[in-house]
Amino acid sequence: MFQMATRPLTPQALGLACSRVPPARRVRTAIRLAAGSSDGFQYMQLDLPPPLNSNIRKAEFIKSSTRVADCPPDKLPEFALIGRSNVGKSSLINSLTRNDKLAKVSKEPGMTKLINHYLINDCWYLVDLPGYGFAKAGKSNREEWLTFTKDFFIQRENLVSVLLLVDSSVTPQQVDADCANWLAECEVPFCIVFTKIDNRKRDMPPNAQNVRAFKQLMAAEWEELPRCFETSSRTGAGRSELLGYVASLRELHIRATK
Ligand code: GDP
């Protein structure tokens, strides 16, 4: 466990930190609304402001950085995407920004550890963090990824939330649940974005079943689940819900930093 000492706006201050059971020391201060959900899971309830300006009018690639120190100045709110290699991160960036050429969509899982910053509407950043693949990667690779992303979480004071991407076309992967747990340990606010909701794979359970099974895997350890979105970069499903959520969080962040 490490300290988020450098970040004045802690996830707790924003009411976004999630807690796992058993809660050794519960710190979160999320404002609760009436609990309840249609799928039977308990979700963390947040009192979010209405989403203003959720449309993306302009999106431009700013830079790739190999070190956190080289990232653009941390003056604007930012949202970082992480997930296993091939989860559909580049495709989601392109779908959210409606620009097929913005992020490179690769067939081969990339090995380069780059932090890519995209400036949206001149006022916030979408950040593409390196993909992980703990199952296949060696121990040293895994340690390297953890250190690399941890540095990012500690140093970027403007990080509002992480979007953790999970592939809905495959059965639950422990590595994704581990990543969610690790984010919670780092006290990084995050939501889960299921990707490829349109992509039914042969010999695999239906996507809805995979989504439910992943939530079940998390619910075994979590008292309340973070916000979840089901998306497809092919059909645009979930796009406006996700952009609305991001806009609400930006608004919350702006109010909290005023
Ligand atoms: P990244 O490595 O996480 O950036 O993943 P990519 O965006 O490069 O996508 C990996 C593969 O999944 C590519 O072949 C994409 O065409 C495919 N893919 C990504 N998103 C979707 C989606 O929503 N639906 C379907 N059917 N395929 C997708």
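Just so you know, ligand 1 is whichever comes first in the structure, and atom 1 is the first atom listed for that ligand. When a residue number appears, it is its place in the shown sequence, counting from 1. Keep in mind that this is a model prediction, so the values were computed, not measured.
- In this structure, R67 does not pair ionically with D151, as no charged nitrogen and carboxylate oxygen lie closer than 4.0 Å.
- Taking any N or O of S91, backbone or side chain, at least one lies under 3.5 Å from an N or O belonging to ligand 1.
- Look at D198 and you'll find a heavy atom under 4.0 Å from some atom of ligand 1.
- The shortest separation from a heavy atom of G131 to ligand 1 is not under 4.0 Å, leaving the residue out of contact.
- A donor-acceptor pair under 3.5 Å is formed between the side chain of N94 and the backbone N or O of D100.
- A salt bridge (charged side-chain N to carboxylate O under 4.0 Å, His left out) check over residues 119-132, counting only residues at least two apart or in different chains, returns the pairs K58-D122, K89-D128.
- Any N or O atom pair closer than 3.5 Å counts here, and G88 shares at least one such pair with ligand 1.
- With sequence neighbours excluded, the residues that form a ring pair (Phe, Tyr, Trp, His ring centres under 6.0 Å) with F229 are Y245.
- With hydrogens and angles left out, the side-chain atoms of W124 and N158 include no donor and acceptor closer than 3.5 Å.
- The closest non-hydrogen atom to atom 17 (C) of ligand 1, taken over R200, K196, K201, comes from K196.
- Residue contacts with ligand 1: K89 is placed with a nitrogen or oxygen under 3.5 Å of a nitrogen or oxygen of the ligand (distance criterion only).
- Here the side chains of E230 and S168 are not in contact, with every heavy-atom distance at 4.5 Å or above.
- Taking every non-hydrogen atom of N86 and a distance limit under 4.0 Å, the qualifying atoms of ligand 1 come out as 1 (P), 2 (O), 3 (O), 5 (O), 10 (C).
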